[in-house]
Structure formats: structure tokens, C-alpha cells
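One structure below.
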Amino acid sequence: MCCHGYCYQKTADWLMSHTKHRPQVAIICGSGLGMLADTLKCQDSFAYSDIPGFPQSTVQGHAGRLVFGELKGKTCVCMQGRFHMYEGHSLCKTTFPVRVFKLLGVETLIVTNAAGSLADGLHRLTYSLLSVVYRFGPRFPAMSGCYDKGLRCLAMEIAKEHGVASLMQEGVYAMVGGPNFETIAEARLLHRLGVDAVGMSTAPEVVVATHCGLRVFGLSLITNKVVKSYEDKDSVNHEGVLEVGRLRSQTVQQLVTELVSRMEINNNNNTNNAV
Ligand SMILES: O=P(O)(O)O[C@@H]1C[C@H](O)[C@@H](CO)O1
């Protein structure tokens, strides 16, 4: 199965011949959250530019490395940098790694992102829990339960234990095309539609992961308030988003590490055996 001439299986085979790790969990690190990957033990890491078929990351704050290693006894693969459609990648390139992960035997995908807050109660520095190919899954996949309930409950439990429950909220994340931040009219529209947090990624990866049967957990770090009033002189920029990512990376790291440590894994190693 291929995407614009790049074959998922070729990339998966290359990776399996360059690392002994067989990951159960994949983690996609959002803007400013790549430090998560640095905590993996016994690392093997590869620049995206060295991996056959892998797209390239062009955004500041996305290092462009795939890191394999152990996290609390579970084998993980971390993307230090993701692909956004606004970088000019097609949908299928944006989500290319997710299908490669499936072929590597991954069962669970954790997606993180930086997002702006539209909900009046969601303040800066809070976290929001988010809630075509036959070989990989059905032609018309259902998305109604795409964020795993068990993992959402576990994450909430962990937040309580760490004393950060008040910072953790469930909400609706919407992806916009970017790379521009929203106009006030757009922000008001999204808010009226019931959106709590807005970003420029994640939705394609989650759709593809759900399509190929991965269990998905999503975490948005709220890095800024989205301006909804013409009187409000605040404005958002990417440097500010990265700065909040750096400030909160420790807490995000702790939450994700604990989640990985406590999640159950089925160990249906389906390496090379996607259905
Ligand atoms: O990769 P994520 O979704 O975390 O990145 C967000 C959206 C834009 O790429 C960027 C804006 O600052 O951060």
C-alpha cells in the first residue's frame, strides 16, 4: 500500500531493520512538546530525512526526529515533530506515519498538540482532554468513539492524583487549516459551534488511526486565549505558543508518562500483519 509513491511497508521494514524496538505505543508531539521523546530509555533515533518515504517537518519547534525507546516498561515511538497540511503536505502524507506505526505493531496512539482556547472557562496553561485503504480498515470508518473512554478516565484519575485536576478538562477540539491564526469572526463562529479549543493538526492523524484500529488518546495544551472581541488587544504568535509549551512540558511529560505506565496493552503484536 503506497502514498504518492512512498510505501508504508517499505518504511516500516526499513525502521524494523534499523531498530530492535517493537513499539506498542506511538506518541505524536505537538508544538513545543517534543521534549517528551528525550525521556525514552535505550533510544534509537532517526532524522526524518534519513527515513525512506518519510515527509519532512518544516515548522519551528518540530525537530523532525523519530525516537524509539522504553518508557516505564513499555516500548514507544515518539514523533518529535508532526506534519501539518499548511506545510503543503497532502492528507495522506500528513498521516503517513500513523499507518507505518500500525505496521510496526503499535496499538495505542497518543496525540498531543498546542491549541488556543475559545471556551470562556478554559484558561491559558490548562489542558483539554479530547475526548481508503481496505488493507488498513473499512471504507467508511465511524468516528463516534474515536477518543478512547478508558484512557480519558485514566488520564483524569492521574491528573487528580497529581493535583492538577482543575487544569484538566474534556472538550471539543477543532482543526483549522492554518497557518494563520483565526480572525475574530472565525473565532466567534467556532465558539458558537461549540468548539472549546482550536489548532491546526491532529484531526487527520486521529481519523487514520481510528480507521486502522488504533486506540487513541488526545491531549491539547492550551497555550493561548483566542481573541473573540474587537476591543481585545491581545494577539497570538507561534513564539508564544512554543514558550508555553516549554513552560508546561514537564507537566505534560509527567501526565503522558504516567498514562503510558498505567495503560493496559493487549500485546497482539500485529507487526507486518495489518488487516
Ligand atoms: O503541531 P501543533 O498542532 O501542536 O501546532 C500548533 C498549530 C500550529 O502548527 C502552531 C501554531 O503556533 O502550533
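Note that ligands are numbered from 1 as they come in the structure, with each ligand's atoms numbered from 1 the same way.
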Quick one: list whatever passes side-chain hydrogen bond (donor to acceptor under 3.5 Å, both in side chains) with K74, sequence neighbours left out. none
Nearest heavy atoms of M85 and P204, plus distance in Å: SD-CG, 4.5 Å
Are more than 12 heavy atoms from other residues, nucleotides or ligands located less than 6.0 Å from atom CD of E243? yes
Through direct or indirect side-chain contacts below 4.5 angstrom among Ile, Leu, Val, Met, Phe, Trp and Tyr, which residues connect to M143? V207
Any pair with a residue in residues 92-120 that passes ring-ring contact (aromatic ring centres under 6.0 Å, His included), sequence neighbours left out, goes on the list, sorted by first then second residue, please. Y8-F96
Do T202 and N113 have side-chain atoms, one donor and one acceptor, less than 3.5 Å apart? yes
Can you name the residues that come within less than 4.0 Å of ligand 1, going by heavy atoms only? G30, S31, H62, R82, H84, Y86, N113, A114, F181, M200, S201, H238, V241
